[in-house]
Each structure stands twice: as structure tokens, then as C-alpha cells.
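Below is one structure, written out as C-alpha cells, with a few remarks after it.
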Amino acid sequence: QVQLVESGGGLVQAGGSLRLSCAASVRTFSMYFMGWFRQAPGKEREFVAAISWRGGSTYYVDSVKGRFTISRDNAQKTVTLQMNSLKPEDTAVYYCAAGRTSGGYDLITGYDYWGQGTQVTVSS
């Protein structure tokens, strides 16, 4: 069983930055592919970013490329999403997710465990 707890959400003006963190309570954190998803009101949950087991590979949805950076610290069992140049359309609840395999890293079904989410609100 993996428990994931997100933190770092909040309210920020357009153009600002936020740093989301996800802490995992599992001994074998390095065995999990990690991802961030988001869900805006009235919309489906969508992929944002993912990172491979040792952090050697990262993946992003086109809309956040160049603005968001995903990273992980396997010793601390954390994954971080640095979000810069935020836009109002980035407003959503952001979820951390963990999966055993990399297949479907951009799919909800590709992950086995989910956090409860943290709200990010970007004002114009």
C-alpha cells in the first residue's frame, strides 16, 4: 500500500510560481513511476507530468512544457512539481500518482495509487 500526500497548493496571480510536493509513505519509492495530474471544475482529470523511477526521463503535456518541471528525491521519497509562469487555465486540483510501470504514463489507468489532491488557483 502506498500513501501519497500533496502539499504546496494555493492562490497565485498569473505569471507567478508555485511548488507542489508529494510525500510517499512506502519503503520502495524508487520502484514507482510518479506522475502529476490535474482536474479543473467540470473537466476530466488530465495528465500534467511524469518522471521515471530514477528521474532519468521526464514527460509533460504540451500545455506546460517550458513552464513546469517535475523532479524526485528517492532518498526523501518525494516528487515535486515546480510551476512557473502560471496561467488562469492552470487552475485545478492537482493530484500526485504512483504506478509500478511506465506503460501509459499519461493515462489515469497507468497509476495504482493517488493522493487526495491540492488546489491551485491562478487569478488573472
Rounded to the nearest 0.5 Å, what's the gap from CG on L18 to OH on Y94? Could you check? 9.0 Å

Classify the ring geometry between W114 and Y95 as parallel (under 30°), tilted (30 to 60°) or perpendicular (over 60°). perpendicular

Given side chains that start at C-beta, do those of I70 and Y60 come closer than 4.5 Å, heavy atoms only? yes

Non-hydrogen atoms of A14 and P88 that approach each other most closely: CB-CD, 4.1 Å

Counting N and O atoms only, with roles assigned by atom type, does the side chain of R67 sit under 3.5 Å from a partner on the main chain of S85, one being a donor and the other an acceptor? yes

Summary of salt bridge (charged side-chain N to carboxylate O under 4.0 Å, His left out) pairs that have at least one residue in residues 52-63, sequence neighbours excluded: D62-K65

Straight-line distance of Q82 CD to F68 CZ, nearest 0.5 Å: 9.5 Å

Is the backbone N or O of S52 less than 3.5 Å from a side-chain atom of R72, with the two atoms forming a donor-acceptor pair by type? yes

Straight-line distance of L81 CG to T118 OG1, nearest 0.5 Å: 11.0 Å

For a quick check under 3.5 Å, do N84 and S17 share a side-chain donor-acceptor pair by atom type? yes

Run the numbers on Y32 and W53 for ring-ring contact (aromatic ring centres under 6.0 Å, His included), then give the verdict. CA-CA 6 Å; Y32 288 87; W53 302 273; over 10 Å; no

Does any non-hydrogen side-chain atom of Y111 lie less than 4.5 Å from one of Y105? yes

Could you walk me through whether M83 and D90 satisfy the side-chain contact (heavy atoms from CB on, under 4.5 Å) test, starting with their C-alpha distance in whole Å, then the side-chain angles of each, then the deciding distance to 0.1 Å, before giving a yes or no? CA-CA 9 Å; M83 305 186 296; D90 294 319; over 6 Å; no

Supply the atom-to-atom distance M34 CE to W36 CH2, rounded to the nearest 0.5 angstrom. 8.0 Å

Rounded at 0.5 Å granularity, tell me how far OG in S124 sits from CD in Q13. 9.5 Å

Is it the case that the side chains of T91 and E89 hold a donor-acceptor pair, with the cut-off being a distance below 3.5 Å and no angle test? no

Within-4.5 Å side-chain heavy-atom neighbours: M31 and R100: yes

Can any side-chain N or O of Q3 pair as donor or acceptor with the backbone N or O of S25 at less than 3.5 Å? no

So does V26 get a backbone contact from the side chain of K77, meaning a donor-acceptor N/O pair under 3.5 Å? yes

In Å, rounded to the nearest 0.5 Å, how long is the span from OG of S21 to CD of Q76? 11.0 Å

Does C22 offer a backbone N or O that forms a donor-acceptor pair with the side chain of E6 under 3.5 Å? no

Compare all side-chain heavy atoms of V79 with those of C96 and state whether any distance is below 4.5 angstrom. yes

